[in-house]
Protein chains: 2
Amino acid sequence: MKISKKGEYGLRAMINLALAHELGHDCVSASDLATADNLPLKFLEQIFVALRQAGYVDTIRGKSGGYKLGKSANSITMGELVRLLDGPLAPIPCASKTAYEPCSCPDEDHCGLRMLMIDVRNAISNILDRYTLAQVVEVTLRKIRRNKAEHFFLRKEAPAPVRGPNHDPADPTQGFLAEWAASDDNA
Amino acid sequence: MKISKKGEYGLRAMINLALAHELGHDCVSASDLATADNLPLKFLEQIFVALRQAGYVDTIRGKSGGYKLGKSANSITMGELVRLLDGPLAPIPCASKTAYEPCSCPDEDHCGLRMLMIDVRNAISNILDRYTLAQVVEVTLRKIRRNKAEHFFLRKEAPAPVRGPNHDPADPTQGFLAEWAASDDNA
DNA sequence: TTAATTCTTGACTATATTACTCAACTATTC
DNA sequence: GAATAGTTGAGTAATATAGTCAAGAATTAA
Ligand code: FES
Ligand code: FES
């Protein structure tokens with residue numbers, strides 16, 4: 001169920017680009033984005049080719065050029081970006097809504113795996129297609145500010161995060177939905 | 001978010017093996033399983049090596065030999081099988097509960113992508129770790145019987161399925177959860 | 001006992017994808 | 001017109017995918 005590096009890097013870059021926009025940096029160079037997020041520069045540029053061709057970013061050439069959002073962050077869903085960079089959401093093509101393809105099963109209508117994977121696809125879609133880039137940025141920024149964390153596009157000094165001994169990497173309370181639900185505005 | 005062919009084939013084979021068991025075929029040869037489900041035989045055998053080493057199947061050699069379940073189907077969750085055959089459920093390793101690994105993000109605690117992917121992982125886990133092989137087989141078998149469909153391990157004649165023009169390949173009502181919920185026993 | 005069936009093991013291969021890097025070019029600004 | 005920055009396309013090394021092949025070992029039936 002992994003996402004490719006292309007997808008991961010592209011999503012991280014888009015989130016940071018939108019976050020920088022929110023903080024007043026309308027246009028960010030690829031190298032700034034790469035250093036801000038520890039991304040390989042040349043690979044990132046290649047990823048931006050796909051993002052530009054799909055209209056998600058605009059390009060500004062020449063000195064102090066860079067990339068800027070091609071459409072507003074609240075009109076871009078995370079699902080669109082994942083599909084563009086990483087392909088269909090569904091774990092198997094016969095369970096994909098937007099990119100259905102038959103598989104080698106003799107009877108698709110009575111395939112237990114397909115039934116299960118339809119639900120997995122829809123669970124993934126319920127998250128990724130529901131939330132926009134703007135919402136992800138909003139939540140991220142809120143958490144950064146609350147914890148007074150530092151960020152490349154928000155110069156400030158703050159102590160490095162310390163991780164406790166019982167660190168649960170997939171703790172749902174650390175997830176996006178919990179953070180989103182905790183907001184007054186979206187209750 | 002794709003699953004590998006190894007994962008797909010392995011899951012299909014395990015479902016069919018458990019389904020065959022349910023229908024009285026305790027032991028099924030690899031070649032029967034392969035022809036029943038259109039799977040490449042030699043590749044399938046290789047997948048069964050992993051399944052056997054993990055104890056999910058037992059092996060019976062010699063004439064009329066084959067594979068049988070190594071533990072009861074209701075003690076095997078789909079999540080276990082996916083993890084064994086395809087690796088962690090989480091789309092990115094920093095969001096994995098069972099196979100956490102840091103990624104190159106400068107600040108994991110304030111990474112919007114990670115927050116989102118934690119929720120995706122948990123959504124996937126909520127399905128795959130909740131349901132067992134036995135439940136998938138039960139639901140599949142129910143659907144097969146209701147539609148009087150034919151199946152390799154259930155010789156019978158039935159008309160081939162006809163698909164309408166407005167076929168939604170990811171229709172949730174065609175999914176596992178809908179079918180599961182429709183049961184009287186599990187209400 | 002021998003033949004037939006079936007799994008086991010390991011090696012092997014071909015293709016595709018991933019994750020990049022490099023070099024030459026073009027556009028923009030100071 | 002030099003410096004900066006994006007654009008394009010080629011190239012590539014490593015890994016994963018999706019298999020195939022052949023020799024061997026266990027079991028059973030004739
Ligand atoms: S896996 Fe696609 S129909 Fe069975
Ligand atoms: S993607 Fe892993 S912490 Fe940002």
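Note on naming: letters A, B, ... go to the chains in the order of the sequence lines (proteins, then strands), and numbering restarts at 1 for each one.
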Can you measure [X] atom [atom1] to [N] atom [atom2] for me and round it to whole angstrom units?
X        : N       : atom1 : atom2 : result
Ile60(B) : dC7(C)  : CD1   : P     : 10 Å
Tyr9(B)  : dT20(D) : OH    : P     : 9 Å
Leu41(A) : dA5(D)  : CG    : C1'   : 10 Å
Glu8(A)  : dT18(C) : CD    : C1'   : 13 Å
Gln53(A) : dT8(D)  : CD    : P     : 7 Å
Leu85(A) : dT17(C) : CG    : P     : 16 Å
Glu45(A) : dA10(D) : CD    : P     : 17 Å
Leu51(B) : dT8(C)  : CG    : P     : 11 Å

Exercise. Is any side-chain heavy atom of Met78(A) less than 4.5 Å from a side-chain heavy atom of Leu11(A)?
Worked result: yes
Under 4.0 Å between any heavy atoms, over every strand shown, what does [X] touch: base, sugar-phosphate, or nothing? Just pick one.
X        : answer
Tyr67(A) : sugar-phosphate
Lys42(A) : base
Ser31(A) : nothing
Phe48(A) : nothing

Quick check for you: among [options], whose closest atom lies nearest to any side-chain atom of [X]?
X        : options                  : value
Val49(B) : dT9(C), dT4(D), dG19(D)  : dT9(C)
Pro40(A) : dT8(C), dA11(C), dT21(C) : dT21(C)
Ser29(A) : dT7(D), dC20(C), dA5(D)  : dA5(D)
Lys63(B) : dG19(D), dT7(D), dT5(C)  : dT5(C)

Exercise. Looking at Asp119(B), Leu116(B), Asn122(B), Ile118(B), which hits side chain to side chain contact (heavy atoms under 4.5 Å, CB included) with Leu177(A)?
Worked result: Asp119(B)
Hey, is the side chain of [X] poking within less than 4.0 Å of OP1 or OP2 on [N], counting only N and O atoms?
X        : N      : answer
Thr59(B) : dT8(C) : yes
Arg52(B) : dC7(C) : no
Arg61(B) : dT8(C) : no

For this session: Take Ile3(A) and Gly66(B), find for each the nucleotide of DNA chain C with the closest heavy atom, and name the residue whose nucleotide sits nearer the 5' end.
Result: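 Between the two, 5'-proximity favours Gly66(B).
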Problem set entry | Earlier contact from the 5' end, DNA chain C, for Asp86(A) and Gln46(B) |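 Nearest nucleotide further toward 5': that of Gln46(B).
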Exercise. Counting only N and O atoms by type, is there a donor-acceptor contact under 3.5 Å from the side chain of Arg12(A) to the main-chain atoms of Cys111(B)?
Worked result: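 Between the backbone of Cys111(B) and the side chain of Arg12(A) there is no qualifying donor-acceptor contact (under 3.5 Å).
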Exercise. Do Thr132(B) and Asn74(B) have a side chain donor and acceptor closer than 3.5 Å?
Worked result: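 No, because no side-chain N or O of Thr132(B) sits under 3.5 Å from a partner of the opposite role on Asn74(B).
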Exercise. Take atom NZ in Lys2(B); do more than 12 heavy atoms of anything else shown fall under 6.0 Å from it?
Worked result: yes
Exercise. Out of Phe152(B), Tyr67(B), Phe153(B), which one pairs with His25(B) under the ring pair (Phe, Tyr, Trp, His ring centres under 6.0 Å) rule?
Worked result: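 The single option meeting the ring pair (Phe, Tyr, Trp, His ring centres under 6.0 Å) with His25(B) is Phe153(B).
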